K.L.:
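Below is one structure. I have some questions about it.
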Amino acid sequence: MSLNPEDAVRYDVRGDVAVLTIDFPPVNALGFPMREGMVLRLKQAQEDSAVKAIVVIGANDRFVAGADIREFGKPKQGPELLQIQEMMENSEKPVVCAIDGHALGGGLELALAAPFRVAASRAKIGLPEVNLGLLPGGGGTQRTTRIAGPEIALDLILNGKHISAAKGKELGLIDEVTDGPVLDAAIDFARARATEGGPFPKTVERTDKVQNVDPAIFEKERKAGAKKWQGMVAPFKIVDCIEAACTLGPREGLQFEKEAFKVCLEAPSRAAQVHLFFAERQAAKVNDLPADVKPRPIKKVGIIGAGTMGGGIAMSCVNVGLPVVLLEVKQEAIDAGLSKVQQNYDISVKRGSRSQAQVDKAMGLITPTLDYADFRDCDIVIEAVFENMAVKKEIFAKLDEVCKPGAILATNTSALDIDEIASATKRPEDVIGTHFFSPANVMKLLENVRGSKSSPETIATVMAFGKQIGKVPVLAGNCEGFIGNRMLKAYGTESEHLLEQGATPSSIDNALKAFGFPMGIFLMRDMAGLDVGYRMRQGRIEAGTLDPNSPSYTPLADRIVEAGRLGQKTGAGYYKYDGRDATPDPLVEDMLIKIAQDKGITRREISDEEIVDRILGVMVNEGAKILEEGIAQRASDIDVTYAFGYGFPKYRGGPMFWAQQKGLDKVLEIVRTNHAASGDRWKPAKLLEERAAAGQDWDGKPVAAA
Ligand code: 3HC
């Protein structure tokens, strides 16, 4: 947003205290006009003889949310943050930052450079740069370490934690917390400091917490993080900077941090993570909603099915204080479901992530029932039973009878036709898919699936509901598998062909892990269990919709299940298991050799590069078809789906972003080569061909300007 520096930071005087109000919507980021405005207003306050002290506060319900992320990668204009910090640090008049709402990233770093900080009790502070592939580059690694000590700094900065004002005070990052208006408290505080007189503290020069620090704590951190941080730059650099705060002088430490920040800024992982930051926010927006459409309020949720999915969805709701009516068909099933939810909560109490009181409150919000009539006052009812169309239609017909007008009737199906489910009701406009991911209380993605008759209010409501329960909502259209599972199917099939041609489950899984996935596809299948997929395939074979004798049919999964290997739970699947430890099983390779012989395939050595190119290539090609058909609203929604629901490495930005970084022309080459070798499943997406030919990105922008 363009704004005059004078407006981005306003100047008022309250008695003998200057109040500098940062007003740079939406989040008072440290963009050019704000930085320029701060320099201007700090000078004005210094020169104003009526002023004895200075308070800096934010408008827009917050302090400052950090650097202006939109400026990354562009030429920088105007003063640096450092100049503002030095003006506050060297000021002869005491400067107090009044923190309300958020002080994050560069926003907290701005405040930490002032001699004093007063915060409202509801304020949250943190250094979340790591989530953007960055480190706090405005002195945050140095000042936090010097104020709170290296252990606290490591925890806070590596985890990108937001902490409360009270916690901030406990750590020494905040001087005073108030329940009242923060501006009044900060003015009183500033006046008192002016009366006492200077010199005022310079946080960067503190040494008490950085003396005699055992260097082993940094080595331990590097070792512990090595695997988790594979492919990332920022976490390693953060440890280096915090160590530097303990070994270098204040100015050298700041210089060290500046150089490390630059390395992060230029790394491809930074571009990818910033892409995901904006993609996540964009995904919540629905392109074709009329402006006057408002989401309906959701104050009570009904859930059908207290299995793993239903229980997890219930936890997501009660965790944010939403009461849940949880229905099962039998008392034993409801008892088992509730006891599983209780067990999950008990684990979090043991881990210390939740208090017993929080858990008791959450459990108290779940009302178990066997009676559909108890849904009568629910604003949304989510069906989470097994995937059977007839059963689902029966349930929706019942919901139609008992639910109040305007209630959203949602299904957690991961693949079935939303329109057919909706046809069981007389109100298809209120029916929609809300596809959660397992474990639903943990996984962030919520894939909302619009049916052809879902009303704009229904769509707006489930998107808002996703945010309400702390999920990342993405809107998908109705097709088999929607966005996520449709692409999963494409790359699952490709992986199976790779196996027949010479790869092994472990060579594919290892290549995917090296690419950055937390787990390969075959390990994942073994964990989920192989019997459900088997039964689905058998059902389709019996129904005549799947031909097991077709050359494109890949029978390994059937052979594995028919040998009694249902995955981790039976001690064998694609791998053999000792508890949870998987080892490759020569028996599976023998099965593959036999299948290849039967099909007349000569197995060959397949490189990791080919594995990744084919799996990612087929995934992106399917993604392009999904886009072209309007199943996804935008390419970045596909990235959000994969990063938040399917373990795609965030530092790579998602499959569509990966393709763009690699070059759509290069991806098209992979697609065309495989199309020539393998036929239809690699048919190039029109959109991919068009964008590659025009030298454009997915949004149709010229690649050079993207
Ligand atoms: N720069 C530019 N735009 C930003 C921004 C930032 N730092 N933070 C948020 N925005 C934009 C969002 O893109 C969104 O724009 P849109 O309306 O056009 O989609 C708008 O502000 C509102 O953001 P949210 O939808 O996220 O609003 P919420 O109220 O839900 O959340 C927030 C507010 C907690 C501040 C959240 O936006 C957030 O976490 N922001 C990022 C904080 C951060 O990572 N700061 C560190 C930045 S890097 C840095 O400071 C480097 C330094 O060390 C030198």
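One-based numbering, in listed order, for ligands and for the atoms of each. On a predicted model such as this, the values are computed, not experimentally measured, just so you know.
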K.L.:
Check whether NZ of the Lys or CZ of the Arg R222 lies under 6.0 Å from the centre of the six-membered ring of F218 and within 45 degrees of that ring's axis.
P.N.:
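Output no; distance or angle outside limits.
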K.L.:
Could you check ligand 1 for N or O atoms lying under 3.5 Å from protein N or O atoms and list the pairs with distances?
P.N.:
{"unit_1": "ligand 1", "atom_1": "1 (N)", "unit_2": "A67", "atom_2": "O", "d": "3.4"}
{"unit_1": "ligand 1", "atom_1": "1 (N)", "unit_2": "I69", "atom_2": "N", "d": "2.9"}
{"unit_1": "ligand 1", "atom_1": "7 (N)", "unit_2": "A67", "atom_2": "O", "d": "2.8"}
{"unit_1": "ligand 1", "atom_1": "19 (O)", "unit_2": "K285", "atom_2": "NZ", "d": "2.6"}
{"unit_1": "ligand 1", "atom_1": "26 (O)", "unit_2": "R281", "atom_2": "NE", "d": "2.6"}
{"unit_1": "ligand 1", "atom_1": "26 (O)", "unit_2": "R281", "atom_2": "NH2", "d": "3.3"}
{"unit_1": "ligand 1", "atom_1": "45 (N)", "unit_2": "A65", "atom_2": "O", "d": "2.9"}
{"unit_1": "ligand 1", "atom_1": "50 (O)", "unit_2": "A67", "atom_2": "N", "d": "2.8"}
{"unit_1": "ligand 1", "atom_1": "50 (O)", "unit_2": "G106", "atom_2": "N", "d": "2.8"}
{"unit_1": "ligand 1", "atom_1": "53 (O)", "unit_2": "E109", "atom_2": "OE1", "d": "2.6"}
{"unit_1": "ligand 1", "atom_1": "53 (O)", "unit_2": "E129", "atom_2": "OE2", "d": "2.6"}
{"unit_1": "ligand 1", "atom_1": "53 (O)", "unit_2": "G137", "atom_2": "N", "d": "3.0"}

K.L.:
Show every ring-ring contact (aromatic ring centres under 6.0 Å, His included) that has at least one partner inside residues 161-180, sequence neighbours left out.
P.N.:
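The answer is H102-H162.
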K.L.:
Does the plane of the ring in H435 sit parallel, tilted or perpendicular to the ring in F482? Use 30° and 60° as the thresholds.
P.N.:
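Perpendicular: the ring planes of H435 and F482 meet at over 60°.
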K.L.:
Please, which pairs that meet side-chain hydrogen bond (donor to acceptor under 3.5 Å, both in side chains) have at least one residue in residues 641-659, sequence neighbours excluded?
P.N.:
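Those involving residues 641-659 are N485-Y646.
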K.L.:
Who pairs with E259 by salt bridge (Lys or Arg N to Asp or Glu O under 4.0 Å), at least two apart in sequence or on another chain?
P.N.:
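Testing E259 for salt bridge (Lys or Arg N to Asp or Glu O under 4.0 Å), a comparison that skips the adjacent residues, returns none.
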K.L.:
Going by an N to O cut-off under 4.0 Å, is there a salt bridge joining K262 and E266?
P.N.:
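A salt bridge is present here (some side-chain N lies under 4.0 Å from a carboxylate O).
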